[in-house]
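Each remark here refers to the structure printed beneath this line.
Just so you know, these numbers come straight off a predicted model, no measurement behind them. Note: hydrogens, waters and symmetry copies are ignored here, and every other heavy atom, side chains too, is used. For this chain, numbers begin at 1 and follow the sequence in order.
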Amino acid sequence: MSVLWTCCVFLAVGCLGSELGGFNRCDQVRKVFQVRQIGPSQGLPPGPRPGSDLQVCTSKNLTCCTRKMEDRYQLAARRDIQNLLQMYSNDLKTLLSRNVAAFQDTFEVLLKQGENHTNAFLQASYQKMADQAAETVGELFTDIGLFLLGSEVDVGGFVQRFFDGLLPPVYGHLVNPGAGDLPPVYSECVRSISRDVRPFGAAPDLLADQITRSGVSGRLLLEALHLGIEVINTTDHLQLSRECRRALLKMHYCPHCQGFTETKPCMGYCLNVMRGCLASMAELDAHWREFVRSLEGLSDRMHGAQDLEQVLLGVHAAVHDAVRHAERNGPRLQAQVHRKCGTPSRRTAQPVSVQESKVSTPLIASNRASGASLAGRRREFLSSLRSYLTFYIGLPDQLCVRELASGDAPCWNGTDIVKSYTLRVVRKGIRAQSANPEVKVKGEDPLINQIIDKLRHVSQLLQGKSIPKLGSLDQIETGSGDAEGRSSGDCDDEDGCGGSGGGEVKRKYFKVSKSSPDVTGDYKHHHYHHPPAKDSKIDGGSGSVRLTGAIWVPVLACLHMILDL
């Protein structure tokens, strides 16, 4: 008798445990919720509950989620995607940032070498005036450096100032050697008439033209790389629309509410969600490609008069031509100076030593490795940049294939665990999203459109299709990349725009390949509800009625046996 009662009790408890087996799954959900630091553990349900208060993760079955958990999950889903976007763009951003620094360093090295080269030439050929001209030479290369880094300076103006400052020592030591170092007042008078008497012929204009041509190419290169970094910063922090945020929640964390903490989204489902969320980024593709090709075109043109390295290291040649012109026209120049400024007061003549004699010592060429040259750096940079040609068009697929989706069954289709995703997978870009079954895309993103305008503009400048107005890119308003205050969609209380949670994102860095996987297809297979192996689904509704009946059948049988005894 007691044995029968014991069997009945164990049988009933076992059946009841089958009905509420979701308690174990809710324990797993609680564990994952805490490990990923999605939110505080207080208030998490101890077991399955009705989910009538849920807005996105709705289900006919019992659920492990509350409304507060759903809000936290939505924040976590948005944070996870933004972390992934930043992770995947990190290599590209690093490539651009490092090359901005590398090109600036190369410019500084070339400026210093050009200055040293010019001073060495003056020391070798015109030793008596070299020290007096050194300060003027330094000012010239400082002005060139400011021009290269984007300052609003007049190239013709600072080149003319250089030659204005060069005239007094040239006049005192070469044209009128008896004058020597001119008194300050007389020296200033000679300087002031330089532009009227044009003692150096066409040399100032030729040098200004060379610096302008090569310098514009150099500063455009830097300006373009800064714009590339701005594009990445903007897309890294792009605010996602309300529809996208809800779709990400449904894809990432709604399966947790059903106890499926380890099941990934189906590939086609993930592609629809990510292509919808990143549809605006796909619009950057054509303009990003044109931007990269335009950089390559600029690099190809940076030779001859546009070769900054050649121009900077060749300033001494322009100085040589200018001084020779002044010497050849010495008598005429001396007469003009005498007429304008009079005769300088005589100083005690200094004896001319052998060291002060005019010598012709050959210049020593700079010893730089070819890899450190400006042309070498450009080739290396562009070779690396080409691998990112399809970065923006391929980003949604890369995220799904490498990080987010499952290529195997069973997988999550947004509602249940299935063998495959049966809905049509849309193509990339804004136009294709009207047929997206998972994300409603309202239209183009204003911030992306501003970035596109900048890419168009800088591509035109890089191609030489318009005269570059210095600093003109700043006239096109674009966000700085900060997330605050800039949103392409609505923000409501449900989305918890005021905060974010911590989470777990795999830290895996790699470059997006040229041929990004396009897994577009119809995926029209029959649903197959696969019995979960790891994740135990939490049954509710009609399933609960069936299990309750299963409990009473053996219990009544036991009672009937006892009564018969």
| request: May I have the step-by-step check of side-chain contact (heavy atoms from CB on, under 4.5 Å) for Leu423 and Tyr269, ending in yes or no? | output: CA-CA 8 Å; Leu423 300 181; Tyr269 175 47; over 6 Å; no
| field | Test of ring centre spacing under 6.0 Å for His320 and Phe121 | value | yes
| said: Side chains of Asp236 and Tyr88 only: does a donor on one sit below 3.5 Å from an acceptor on the other? | reply: no
| task | Compute whether any side-chain donor of one residue and acceptor of the other, for Gln74 and Asp71, lie under 3.5 angstrom apart. | result | no
| field | Spacing of Arg293 atom CZ and Leu385 atom CG [to the nearest 0.5 Å] | value | 11.5 Å
| said: If only side-chain N and O atoms count, and only distance matters, is there a donor-acceptor pair under 3.5 Å linking Asn90 with Gln86? | reply: no
| task | Report yes if some heavy atom in the side chain of Met274 is under 4.5 Å from a heavy atom in the side chain of Met251; otherwise report no. | result | yes
| Ion pair check, Arg377 and Glu380, cut-off under 4.0 Å | no
| query | At what distance, to the nearest 0.5 angstrom, does CG of Leu95 lie from OG of Ser384? | reply | 5.5 Å
| said: Could you check whether Glu230 pairs with Lys454 (Lys NZ or Arg NE/NH1/NH2 to Asp/Glu carboxylate O, under 4.0 Å)? | reply: yes
| field | Val441 to Ala279 - nearest heavy-atom pair and separation | value | CG1-CB, 4.4 Å
| said: Would you say that Thr106 contacts Glu309 through its side chain, given a criterion of any heavy-atom pair below 4.5 Å between the two side chains? | reply: no
| Using a distance-only test with no angle check, is there a side-chain donor-acceptor pair under 3.5 angstrom linking Ser217 and Gln306? | yes
| said: If you define the side chain from C-beta out and look only at heavy atoms, does anything of Leu225 sit under 4.5 Å from Leu295? | reply: yes
| task | Can you label the angle between the Phe291 ring and the Trp288 ring as parallel, tilted or perpendicular, going by 30° and 60°? | result | tilted
| query | Looking only at heavy atoms, which two atoms of Pro255 and His252 are closest? And how far apart? | reply | CG-O, 3.8 Å
| request: Would you give the length of the straight line joining atom CG of Leu92 to atom CZ of Phe391, rounded to the nearest 0.5 angstrom? | output: 5.5 Å
| Is Arg245 reaching over with its side chain to a backbone N or O of Leu240, donor-acceptor style, under 3.5 angstrom? | yes
| Are any non-hydrogen side-chain atoms of Leu110 and Gln113 less than 4.5 angstrom apart? | yes
| message | Is the shortest side-chain heavy-atom distance between Leu278 and Leu399 below 4.5 Å? | response | yes
| Between Val292 and Tyr388, is any pair of side-chain heavy atoms under 4.5 Å apart? | no
| remark: Applying side chain to side chain contact (heavy atoms under 4.5 Å, CB included) to Gln210 and not counting sequence neighbours gives Leu207, Val311
| said: Could you check whether Asp453 pairs with Arg456 (Lys NZ or Arg NE/NH1/NH2 to Asp/Glu carboxylate O, under 4.0 Å)? | reply: yes
| message | Whether the Glu290 and Ser459 side chains hold a donor-acceptor pair (N or O, under 3.5 Å, no angle test) is what I'd like checked. | response | no
| message | Using side-chain contact (heavy atoms from CB on, under 4.5 Å), reason through Met267 and Ser406 one step at a time and then give a plain yes or no. | response | CA-CA 6 Å; Met267 181 62 69; Ser406 171; over 6 Å; no
| field | Short side-chain donor-acceptor distance under 3.5 Å, Ser280 and Asp445 | value | no
| field | Interatomic spacing from CG in Leu221 to CG in Leu462 - rounded to 0.5 Å | value | 8.0 Å
| Gln463 and Ser294: which non-hydrogen atoms are nearest, and at how many Å? | NE2-OG, 2.8 Å
| query | What distance do Glu243 atom CD and Cys277 atom SG have between them, rounded to the nearest 0.5 Å? | reply | 9.5 Å
| Any side-chain heavy atom of Val319 within less than 4.5 Å of one from Phe162? | yes
| request: Would you indicate whether the side-chain heavy atoms of Leu395 and Met281 approach each other to under 4.5 Å? | output: yes
| field | Heavy-atom closest pair, residues Thr136 and Gly165 | value | OG1-O, 3.9 Å
| message | Exactly one of Ser373, Ser299, Ser383 should register a side chain to side chain donor-acceptor pair (under 3.5 Å) with Arg378. Which one does? | response | Ser299
| remark: d(Asn272 CG, Tyr421 OH) to nearest 0.5 Å is 4.0 Å
| query | Would you call Lys428 and Asp285 a salt bridge, using N to O less than 4.0 angstrom? | reply | no
| task | Step through the shown structure and confirm whether more than 12 heavy atoms of other residues, nucleotides or ligands are within 6.0 Å of CZ on Arg195. | result | yes
| query | Does Arg219 count as lying over the ring of Phe147, i.e. NZ or CZ under 6.0 Å from the six-ring centre, within 45 degrees of the axis? | reply | yes
| Between Arg198 and Asp205, does at least one N-O distance fall below 4.0 Å, as a salt bridge requires? | yes
| Short side-chain donor-acceptor distance under 3.5 Å, Gln132 and Tyr126 | no
| field | Which atom of Gln37 lies closest to which atom of Arg79, heavy atoms considered | value | O-NH1, 4.4 Å
| Heavy-atom closest pair, residues Gly443 and Ile430 | O-CD1, 3.7 Å
| query | Any side-chain donor paired with an acceptor under 3.5 Å for Gln123 and Asp131? | reply | yes
